[in-house]
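Working notes for the structure below.
From a predicted model like this one, the values you see are computed outputs, not experimental measurements. All values below come from the heavy atoms of this structure, side chains included, with hydrogens, waters and symmetry mates left out. Proteins get letters first, then strands, A, B, ... in listed order; numbering begins at 1 in each.
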Amino acid sequence: MSESSRMPDLSVDLAGLRLKNPLIAASGVFGYGEEYAKVADIGAFGAVTVKGTTLHPRAGNPPPRVCETPAGMLNSIGLENPGAEVVAREKVPWLAKFGVPIIVNISGDTYDEFSALGATFEGVSGVDALEVNVSCPNVQAGGMAFGMDPRSCYRATRAVRREWKGPLIVKLSPNAPDIVSIARAAVEGGASALSLINTLIGVVIDLKTRRPVLGNVTGGLCGPAVKPVAVRCVYQVSQAVDVPVIGIGGVTGYRDVLEFMMAGACTVAMGSGLLVDPTAPARIMEDLRRYCAEEGLANPQELVGSAWK
Amino acid sequence: MSESSRMPDLSVDLAGLRLKNPLIAASGVFGYGEEYAKVADIGAFGAVTVKGTTLHPRAGNPPPRVCETPAGMLNSIGLENPGAEVVAREKVPWLAKFGVPIIVNISGDTYDEFSALGATFEGVSGVDALEVNVSCPNVQAGGMAFGMDPRSCYRATRAVRREWKGPLIVKLSPNAPDIVSIARAAVEGGASALSLINTLIGVVIDLKTRRPVLGNVTGGLCGPAVKPVAVRCVYQVSQAVDVPVIGIGGVTGYRDVLEFMMAGACTVAMGSGLLVDPTAPARIMEDLRRYCAEEGLANPQELVGSAWK
Amino acid sequence: MTGETGAAVDERAQVLSVERGSGRTVRALLSSPQIARSAKPMQFVMVKVRDGADPFLRRPFSLSLIRPDDGLIGITWDVVGRGTEIMALWEPGQEILVLGPLGNGLEIEPVSGQPRRLYLIAGGTGLAPMFPLAEAAKARGWDVSVFYGARSAEFLLDYSVFDGLGCHTQVATDDGSLGRKAFVTDLAAAALAGAAPGDLAVSCGPIPMTRAVKALCSGIGVDLLVSLEERMACGTGLCKGCAVKAAVSEGYYHVCSDGPVFRAQDVDLGGAKP
Amino acid sequence: MTGETGAAVDERAQVLSVERGSGRTVRALLSSPQIARSAKPMQFVMVKVRDGADPFLRRPFSLSLIRPDDGLIGITWDVVGRGTEIMALWEPGQEILVLGPLGNGLEIEPVSGQPRRLYLIAGGTGLAPMFPLAEAAKARGWDVSVFYGARSAEFLLDYSVFDGLGCHTQVATDDGSLGRKAFVTDLAAAALAGAAPGDLAVSCGPIPMTRAVKALCSGIGVDLLVSLEERMACGTGLCKGCAVKAAVSEGYYHVCSDGPVFRAQDVDLGGAKP
Ligand SMILES: Cc1cc2nc3c(=O)[nH]c(=O)nc-3n(C[C@H](O)[C@H](O)[C@H](O)COP(=O)(O)OP(=O)(O)OC[C@H]3O[C@@H](n4cnc5c(N)ncnc54)[C@H](O)[C@@H]3O)c2cc1C
Ligand SMILES: Cc1cc2nc3c(=O)[nH]c(=O)nc-3n(C[C@H](O)[C@H](O)[C@H](O)COP(=O)(O)OP(=O)(O)OC[C@H]3O[C@@H](n4cnc5c(N)ncnc54)[C@H](O)[C@@H]3O)c2cc1C
Ligand SMILES: Cc1cc2nc3c(=O)[nH]c(=O)nc-3n(C[C@H](O)[C@H](O)[C@H](O)COP(=O)(O)O)c2cc1C
Ligand SMILES: Cc1cc2nc3c(=O)[nH]c(=O)nc-3n(C[C@H](O)[C@H](O)[C@H](O)COP(=O)(O)O)c2cc1C
Ligand code: FES
Ligand code: FES
């Protein structure tokens, strides 16, 4: 099963993309890489996901946009982004210099917008995969709505799939009543991988003002607090579909990476943990490699799904 | 609006029940009071909710049944309880000696079982209210299923309402896609108050065994980690219905009580926080009284719904 | 012979000292007069390792020292995870919330007439609750034999106290790094074979060890009490989390409120986590 | 004149001292050579107050002392919540993760020819970043006037350093418990009226104060830089959380990456939280 004497290999195939390690920067905590490059090494990631991108530029929601919660945080950024054109023309080419596979996270208000987004990025050099966000809780129209019932999820996925030929990831919401049926619909619609999970919906009240803290009232809950929900979603979905699953929710250390892998994820993305510890990825991958060596694993992929296999 | 010179009054009317303060022991962390009485004063609560009770006795799920998570815990007790008959005949009469209003939490696998439970407790002295658990994630049949769509919730509520004449609380699941529509259905079915929330569904993997920690695989996630989700549910539902709302999820101190009240809850129940700090209730109510005095509030009820009013 | 679960208090205990033992073991002495006053051997406490929600739950630890007159209690632990790691960093003078005493514990009756022998069989940190038990038993006239084992020397607690008490102590490690290279049941087997009616065995350690001790004792016909562990949320009987399968009925006992000390024949040790 | 956001490091800084000031204010001196070497006045750091997930996010604090040669930085804070409370319990010798230096900061150009005056207007802990700024400005030949206010004496940081630097310092409290019973804008108004071209005002404090200072300076026609605060998750520009409304466009600036120092006319102070 393994040769403990060799240096463990962390690489993984994600729907045809070759990643040198299974750690991905989640969408929304990495911008388009410019800020991250000033703090830490982009090369530490197996792949990076850029900020949720819409067809047209968005200014985002009124502040406050972030707020701490027990072992987590709320955000209601509201998809602040320069729009798909600028991303395709300026942001991606800059980021591509780092040689790390780039996943563009896209968000639409209508099926037509999803199609247009797929078409905008098709053929753009440097865009290695699209991640369809049918799960954003922080925008009025669309957003999460597409991820709440199987039919809408199927249609949104299909809309992108028709225009975009490369690897297609669909990112699901834990707020859906039955995530397995949504996952199946995404795969039927043409998803080549699934990301689980986006944020839960939360509110925090400011005791001083006696009103919600966030300018947008509700925000997306993430961080270690939600990890058990994310692991449950991965555990359920990875058994039900044949495409690879990206585990997301509360990753702050290599033990969380292992937990998601055992639950059935072949790669893992780090969201809010990166905001707290931007230099963590290199350390986490070192720890993962050491764990594999100690446990006699040639590649952590050997663990994927151990919890249900 | 208030007379800061007077001692603040904490009492509250909950669907016709008079509570001396707004803090309730949540179901499942208080047993039937016997164990609690050995550790702290039952009289500190405004009301107590007993362990989820089924028509027939249940042994519960195989261990491990509990597991820590970041700022929270999972449980899969599986409704271990001696059955409605014993509860009505032995447990309630014993507990009634303490003079604190008693809420009996009931759980059924079928509508008929819900009816039978209503009938069993109708007329039993000491049972001040029933709380219908349409949200338990830890049992195979029934359980949460009744809380996931409006129609089933309406029918389950109705089934109890026909047999039970007193205050009827329905406890909802945050796992439902649209909690407001479920809440409305419960009210239509005859609910005189709503409890929000029961647990989210989570999984934790044991890195040593590489399998789920819990004997039952999935468990209910609760504790401070889920508070933002609970506050959001209370915020949304309390604006949409005319019955009082009991806020539940992550209460460990008076600041949490205030947050739920501002979000729209008129009373608050404490679950896992009580497991960690069984003597907290007296302290929390003291702190709440001091806060009211400092803020010039005659009764914390003045704050209810301040976040949306 | 197992005690009744009595009233517990949540006491703000002061850390007096934190000492590291061999390997990853640590021992803390706490000033906790109320708990010290009412605690019985084999009872435990629930410790809030630090303020705040991380870690969220308290951690259960057996009392490894009970000094009612000085108002002192001791706990002894192995650093196995986040909670025990944070505890190892406690500073003298710090205050810690400790809820206890909890569980039934074990009250040893005084020996009258016929001499009686207590066989204590422990693995790893399972030795911790044996200290107060041995002390009480010696004070009440029992002969006490201790059979103590662990994977290797670094998992052994300091057991020198037993010599001071006049107990017969034998030690084994799986790898032979200290004492005999054997399992603790191998040590105990010969001694237990010579047990007389009225003698008693008590075991505390990992489930596989406890299972082996149970098989040994039931074969020989010695009364055995086992102290069990299970994941706990409350430690006070509130949550029904710490279930252990009953040997005879379909139901469960709860380690914190029915135990941690059980008659070996009452519990199904296959049902507890291995 | 505001600086460029440069590279930041995540440094394991050692706590050298933690001193309590008046009221609930605390000052810590940290050994953090890498940050000390590259930090500019008005920059800030993101501090992990303790290990683990509670509190989860880091906390932003302005550098109140920068000593590149000694490898030292200082931060000064008011205890207002859980994070700052835990920080007040830091022990000398403890290691803390500090990410920085962050934000644009403010580089003061040397005075050549014509004398120039810097007006520093601060409220409460808004004085913290003014210490390194005044020091740098004095070293570069500026005249420096400090106008400092707070609700009452117990919310004032120790401002004696400014006298040592040779700054003109005036103090006001809302309740008159120390200095004049006035708002800080009342103090600054007369002085600002005498400002010459090339003079500069810098303000840091609560939004209502900053808004009043902005109105004052724009009325008189003095250039004003404002240092802003907003709730932050990352402090490094990753999350887009710390939005502040732009005065002219529909969009937002980000306090951590575009600021914290802004030209007063660029930001809509009605948009930030009051
Ligand atoms: C009645 C009783 C008495 C005990 N006495 C001692 C003692 O005297 N000395 C000692 O070293 N250990 C003792 N233990 C075990 C001790 O409680 C655990 O080792 C400790 O809780 C681990 O905490 P952690 O945060 O370091 O580990 P983690 O693995 O981080 O703990 C995570 C969670 O799992 C729980 N957990 C993990 N292992 C156990 C376990 N074996 N039993 C119960 N819960 C567990 C923890 O309480 C916590 O909720 C006792 C357990 C019980 C039930
Ligand atoms: C660039 C910048 C520089 C600052 N410099 C200083 C300084 O030098 N001295 C000082 O005393 N304070 C300063 N602050 C404010 C300081 O960060 C907050 O007072 C502190 O984070 C409160 O943490 P807490 O855990 O005690 O409070 P809590 O209320 O428990 O904090 C809860 C959450 O709200 C956030 N938060 C609360 N108030 C603020 C605020 N005003 N600004 C940003 N986030 C907030 C916290 O970071 C945390 O995420 C600065 C803020 C910013 C943005
Ligand atoms: C500040 C912030 C912004 C986010 N923006 C996006 C986004 O634009 N698109 C998206 O699909 N997810 C977004 N997310 C969700 C994360 O990608 C991730 O799914 C979620 O935070 C859970 O992971 P975590 O617990 O590691 O943070 C955002 C999260 C945060 C904290
Ligand atoms: C050990 C345990 C057992 C529970 N059992 C029940 C139950 O029988 N019936 C029920 O309606 N809720 C049950 N709950 C849910 C709680 O009543 C409460 O809704 C939930 O834990 C959220 O509150 P908290 O965050 O304060 O724990 C249980 C919770 C725990 C932790
Ligand atoms: S741990 Fe809660 S009942 Fe035993
Ligand atoms: S705090 Fe994250 S972008 Fe400023």
Side-chain angles (χ1 to χ4, degrees), chain B residues 25-26 28-40 51-52 57-82 206-209 213-215 219 222-225 227 250 252-253 271-280 283, chain C residues 4-12 46-49 51-60 80-83 97 99-103 207 228-246 249-258 267-268 270-274:
Chain B
V29 299
F30 178 78
Y32 298 93
E34 293 124 321
E35 296 86 1
Y36 191 81
K38 292 184 182 169
V39 184
K51 175 67 192 164
R58 290 212 190 179
N61 287 333
R65 292 179 174 183
V66 290
C67 164
E68 192 177 61
T69 68
M73 63 175 284
L74 291 185
N75 89 78
S76 69
I77 307 303
L79 293 178
E80 175 178 332
N81 81 93
D206 184 330
L207 298 192
K208 285 230 182 82
T209 63
V213 168
L214 296 181
C222 62
K227 195 180 64 170
T252 63
S272 47
L274 211 54
L275 302 177
V276 176
D277 255 326
T279 64
R283 192 185 67 239
Chain C
E4 269 279 290
T5 307
V9 293
D10 198 11
E11 192 163 27
R12 197 165 282 280
M46 292 293 285
V47 174
K48 181 79 185 153
V49 306
D51 73 293
D54 174 37
F56 179 56
L57 298 175
R58 295 190 187 218
R59 302 291 190 259
V80 297
R82 269 180 59 66
L97 275 178
L99 180 68
L102 298 168
I207 284 292
L228 299 182
E229 294 187 4
E230 185 46 76
R231 283 181 186 255
M232 290 187 173
C234 69
T236 53
L238 296 173
C239 74
K240 309 299 171 207
C242 57
V244 57
K245 211 149 179 35
S249 82
E250 279 297 274
Y252 294 95
Y253 290 112
H254 300 103
V255 171
C256 73
S257 48
D258 301 319
V267 286
D268 177 348
K273 77 174 184 303

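- When heavy atoms are compared at a cutoff of 4.5 Å, N81(B) does not approach chain C at all.
- Remark: F56(C) CZ to M73(B) CE distance equals 7.5 Å, nearest 0.5 Å.
- Contact annotation for S272(B): both backbone and side-chain heavy atoms come within less than 4.5 Å of a heavy atom of chain C.
- The shortest distance between side-chain heavy atoms of T236(C) and K38(B) does not fall below 4.5 Å.
- Side-chain atoms of V244(C) and P63(B), non-hydrogen and from C-beta on, never get closer than 4.5 Å to each other.
- Between V29(B) and C239(C), the closest side-chain pair of non-hydrogen atoms is not below 4.5 Å.
- Within 6.0 Å of the CZ atom in R12(C), the count of heavy atoms belonging to other residues, nucleotides or ligands does not exceed 12.
- Side-chain N/O atoms of H254(C) and E35(B) include no donor and acceptor closer than 3.5 Å.
- Within the model, atoms CG of L275(B) and CG of L238(C) stand 6.0 Å from one another, a figure rounded to the nearest 0.5 Å.
- Neither the backbone nor the side chain of P57(B) comes within contact range of chain C; no heavy atoms are under 4.5 Å apart.
- Between chain C and the residues G31(B), G273(B), A71(B), the most heavy-atom pairs under 4.5 angstrom are made by A71(B).
- Of the atoms belonging to Y36(B), heavy atoms from both backbone and side chain fall under 4.5 Å from chain C.
- Neither the backbone nor the side chain of M46(C) has a heavy atom closer than 4.5 Å to any heavy atom of chain B.
- D277(B) is listed as a side-chain neighbour of L97(C), based on a closest heavy-atom distance under 4.5 Å.
- For V39(B), the parts lying near chain C are the backbone and the side chain together; criterion is any non-hydrogen pair under 4.5 Å.
- For the pair M232(C) and V66(B), the minimum side-chain heavy-atom distance is 4.5 Å or more.
- Rounding to the nearest 0.5 Å gives a distance of 6.0 Å between CG of D206(B) and CZ of R231(C).
- The pair E68(B)-R58(C) does not count as a salt bridge, with every side-chain nitrogen at least 4.0 angstrom from each carboxylate oxygen.
- For the pair R65(B) (side chain) and K240(C) (backbone), a donor-acceptor distance under 3.5 Å is present.
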